[in-house]
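Working notes for the structure below.
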Amino acid sequence: MKKLYEIIKPHQILLFILDIIVVNGSYYLSYFLHLNFNFNWQVFVFLSRRIVFVTIIYIALFLIRKLYSNMWKYMGFYELVNAVISAFIGTVLCFVSDYIGMKVCQAIGTNLYFNCMSAIVYIDAFMFICFFAVGARTMYRAYNALKTNRKRKRKDANKRIMIIGAGNMGNSVLFEMSLDGYKAGTPVVIVDDDIAKKNMRVRGVPVAGKIADIPALVGKYDVNEIIYCIPTASPERRKEIFEIAMSTGCTLKRAPNIEELDAEGKHVVDKIKKVDVLDLLSRPEVKLDPDVCKYVTGETVLVTGGGGSIGSELCRQIARYNPEKIVIFDIYENNAFTLKNSLDRQYHGAPQVEIRIGSVRELRRLKEIFEEFQPSSVFHAAAHKHVPLMEDSPYEAVKNNILGTYNTALCANEYGVKNFVLLSTDKAVNPTNVMGATKRVCEIVVQHFSKISKGTKFAAVRFGNVLGSNGSVIPIFKEQLEQGGPITVTHPDITRYFMTIPEASQLVVQAGGLAKGGEIFVLDMGEPVKIVTLAENLIKLSGFEPYKDIEIQFTGLRPGEKLYEELSLEEELDERKKTGNDKIFVTKPLEIDDEQLEKDIKAISDLQPEEVRTYLKRLVPNYRGK
């Protein structure tokens with residue numbers, strides 16, 4: 001059992017006592033006010049007899065309506081209205097009970113109730129209770145804010161903040177900043193494109209202009225930090241606003257978006273974060289259809305390469321749909337162990353998370369895993385993905401990517417798995433490097449098993465570069481930036497399609513539910529992004545000026561690298577169709593020689609390292625590697 005002081009806090013006891021004094025004192029005051037402050041012994045006795053009764057009515061109401069559970073230093077309109085309503089109900093109950101009591105006493109001929117009842121008395125009592133009881137709580141909040149403000153204001157007295165957006169989010173940010181004593185800085189100006197809001201004030205802060213006026217207003221109000229507070233803006237508009245704000249050189253932050261808010265929409269200040277280069281992508285993220293993803297609910301799901309940057313996020317996305325068990329299969333134990341701990345903390349063992357260490361190259365080890373867990377869905381993320389490294393070690397790419405995919409698909413088919421999804425890449429389209437060529441063969445392997453399998457639905461998901469994954473450009477750029485530069489880019493014109501790790505993982509989970517067998521799913525990724533633009537934006541977001549404070553150096557294309565990536569083969573374009581999700585396309589499987597493919601897979605073990613590129617060229621005729 002909880003100790004009494006854990007249930008009833010000291011400040012609650014003080015409020016109990018204050019309310020008892022205020023409620024009964026208000027009735028004494030209102031009655032004597034009604035009698036022009038002429039002392040009347042009969043009135044005094046009458047009121048004294050009612051003390052316990054009145055106290056029980058009001059305190060019970062205040063408890064039922066949770067007035068003692070509120071944190072009054074954060075009191076807002078809801079708490080204020082709730083307190084007034086509670087006082088009103090209590091006053092009505094007292095009036096009704098007194099009236100009934102008076103009539104009963106008159107009927108039986110006693111003087112317990114004297115004939116001095118008046119609606120004015122109860123109205124006055126109600127007003128006094130509101131003034132003193134609610135006023136005391138309001139004064140407490142004001143005192144707390146003033147004390148906190150005095151204590152903390154010096155810390156960030158020089159930080160002057162501009163708020164972008166005078167809507168609900170901007171108002172919430174200003175409100176919470178005031179409650180916290182402006183420890184994060186002082187809001188001095190708001191900008192909003194709504195003309196009706198211009199020259200108005202939000203919590204005392206002026207709306208001084210439009211978003212286009214940001215550069216001028218930053219100078220006028222001496223702003224050094226900008227907080228973006230328009231969570232409903234389109235990605236394209238958000239990107240435009242960020243670019244305007246970045247041009248000022250101020251620190252740029254953003255309030256949480258709708259998905260990041262808690263159920264009550266509170267604590268927004270705690271979720272304010274610096275704008276990241278990911279926020280500058282203008283393409284909206286793919287949204288999952290929960291019904292499509294229910295195929296993993298209550299099932300056992302195996303994720304190969306589950307400890308990697310994409311594999312681990314894939315496990316997190318799968319966990320949202322309540323599978324019975326997630327099996328993380330990886331050759332590197334540390335990341336898998338960290339992921340299991342994270343999932344266990346978040347989901348408290350439901351789903352159950354298991355780790356098994358091993359390589360997809362070893363068919364015997366894979367069969368042990370399939371035999372032990374009997375998964376219903378398999379997501380194959382295990383692969384070598386680093387383009388330059390695979391150019392130097394092509395045979396390892398063939399063994400790990402092609403043979404590993406074949407082994408995993410073989411087990412999925414043999415053990416009656418319902419869904420098998422391969423994670424592929426846009427580098428598989430007209431590949432110019434070993435990694436891309438091996439992933440194209442992996443796609444062919446998946447389509448091969450789709451043709452020969454009687455129960456398993458095989459599919460692949462092809463997407464572009466994943467921002468933030470191991471080996472991607474953003475972590476490399478950030479590390480170079482921390483060292484003072486320079487940031488290195490291979491070519492000024494090099495472009496790539498980009499998506500975030502959660503988005504890539506969501507697409508993969510969605511594809512498993514949409515698959516009928518043999519498809520390659522392709523995301524509508526919008527316009528490609530210049531790598532040099534990413535580098536420039538990252539430098540600006542860090543408070544520096546590109547080419548002046550931080551140099552950008554061009555190092556030349558690396559082996560196997562091309563300037564532009566493609567998402568579909570030319571022969572796939574004519575058959576590319578939309579799915580139920582208008583951001584996901586599906587391509588029709590191409591004809592393959594299944595018998596020859598089986599021979600080519602078996603030939604891997606006899607390959608010599610110098611024969612790898614010739615081998616890949618035979619399997620992928622449009623491979624244009626060295």
Side-chain angles (χ1 to χ4, degrees), residues 258-261 263 284-306 310-329 339-340 342-354 369-370 372-381 408-409 411-413 415-424 446 449-450 453-463 499-524 577-586:
I258 303 301
E259 293 77 15
E260 293 169 334
L261 287 173
E285 290 189 357
V286 171
K287 301 299 181 184
L288 286 178
D289 181 346
D291 292 333
V292 173
C293 302
K294 285 182 178 177
Y295 68 96
V296 300
T297 301
E299 303 287 348
T300 296
V301 180
L302 170 66
V303 182
T304 69
I310 298 176
S312 60
E313 180 62 28
L314 186 55
C315 291
R316 293 188 185 96
Q317 295 292 339
I318 293 168
R320 294 168 52 192
Y321 295 95
N322 304 313
E324 180 181 344
K325 188 178 296 182
I326 297 176
V327 182
I328 303 169
F329 185 66
L339 173 62
K340 172 177 166 54
S342 173
L343 290 173
D344 285 344
R345 280 194 304 271
Q346 183 173 356
Y347 293 99
H348 309 289
Q352 181 182 347
V353 180
E354 298 283 354
I369 302 303
F370 278 81
E372 179 181 4
F373 294 105
Q374 299 291 323
S376 67
S377 294
V378 174
F379 294 89
H380 183 52
T408 310
C411 289
N413 187 47
Y415 284 87
V417 169
K418 296 177 183 176
N419 302 282
F420 180 98
V421 182
L422 165 74
L423 277 70
S424 189
V446 166
F449 274 100
S450 179
S453 178
K454 294 182 179 179
T456 305
K457 292 184 290 186
F458 288 86
V461 182
R462 186 188 291 163
F463 47 80
M499 66 190 341
T500 64
I501 295 177
E503 184 177 13
S505 303
Q506 289 169 8
L507 173 62
V508 173
V509 178
Q510 182 98 41
L514 295 173
K516 293 181 175 61
E519 302 97 336
I520 296 176
F521 292 94
V522 181
L523 176 66
D524 178 5
K577 299 178 181 178
K578 279 191 175 183
T579 64
N581 187 318
D582 62 2
K583 293 295 181 182
I584 303 176
F585 293 88
V586 62

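Both backbone and side-chain heavy atoms feed into the values below; hydrogens, waters and symmetry mates do not.
- At a cut-off of 3.5 Å, with distance as the only test, a side-chain donor of S376 or E299 sits close to an acceptor on the other residue.
- Rounded to the nearest 0.5 angstrom, L339 CG and C315 SG are separated by 5.0 Å.
- Using a 4.5 Å heavy-atom threshold, the side chains of F379 and I318 count as touching.
- Between the OG atom in S505 and the CD atom in Q317 there is a gap of 5.5 Å [rounded to 0.5 Å].
- Between the side chain of E519 and the main chain of G517, a donor-acceptor pair closer than 3.5 Å is present.
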Discussion item. Does V508 form a side chain to side chain contact (heavy atoms under 4.5 Å, CB included) with I310? I'd like the steps, not just the answer.
Written reply: CA-CA 10 Å; V508 173; I310 298 176; 6.0 Å; no
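- In this structure, A319 and L343 approach most closely via the heavy-atom pair CB-CD2, 4.3 Å.
- F373 approaches K325 most closely through the heavy-atom pair CD2-CD, 3.8 Å.
- I369 contributes atom CD1, which lies 7.5 Å from atom CG of L302 (distance to the nearest 0.5 angstrom).
- For the atom pair T297 OG1 and R320 CZ, the distance stands at 11.5 Å (nearest 0.5 Å).
- With sequence neighbours excluded, no residue forms a salt bridge (Lys or Arg N to Asp or Glu O under 4.0 Å) with K457.
- The distance from the NZ atom of K418 to the OG atom of S377 is 7.5 Å, given to the nearest 0.5 Å.
- Counting heavy atoms from C-beta on, the side chains of K340 and I326 never come closer than 4.5 Å.
- Smallest separation of non-hydrogen atoms from G518 and S450: N-OG, 2.9 Å.
- Taking both residues in full, the closest heavy atoms of N413 and S453 are given as OD1-OG, 2.7 Å, listed atom of the first, atom of the second, then distance.
- Partners of F420 under the ring pair (Phe, Tyr, Trp, His ring centres under 6.0 Å) rule, at least two apart in sequence or in another chain, are F458.
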Worksheet item: Can you list the steps and then say if N419 with Y295 is a side chain to side chain contact (heavy atoms under 4.5 Å, CB included)?
Response: CA-CA 9 Å; N419 302 282; Y295 68 96; 3.5 Å; yes
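- Using a distance-only test at 3.5 Å, with no hydrogens or angles considered, a donor-acceptor pair links the side chain of T456 to the main chain of V417.
- Here the CZ atom belonging to F521 is positioned 5.0 Å from the CG atom belonging to L514, to the nearest 0.5 angstrom.
- Counting heavy atoms from C-beta on, the side chains of E354 and F329 never come closer than 4.5 Å.
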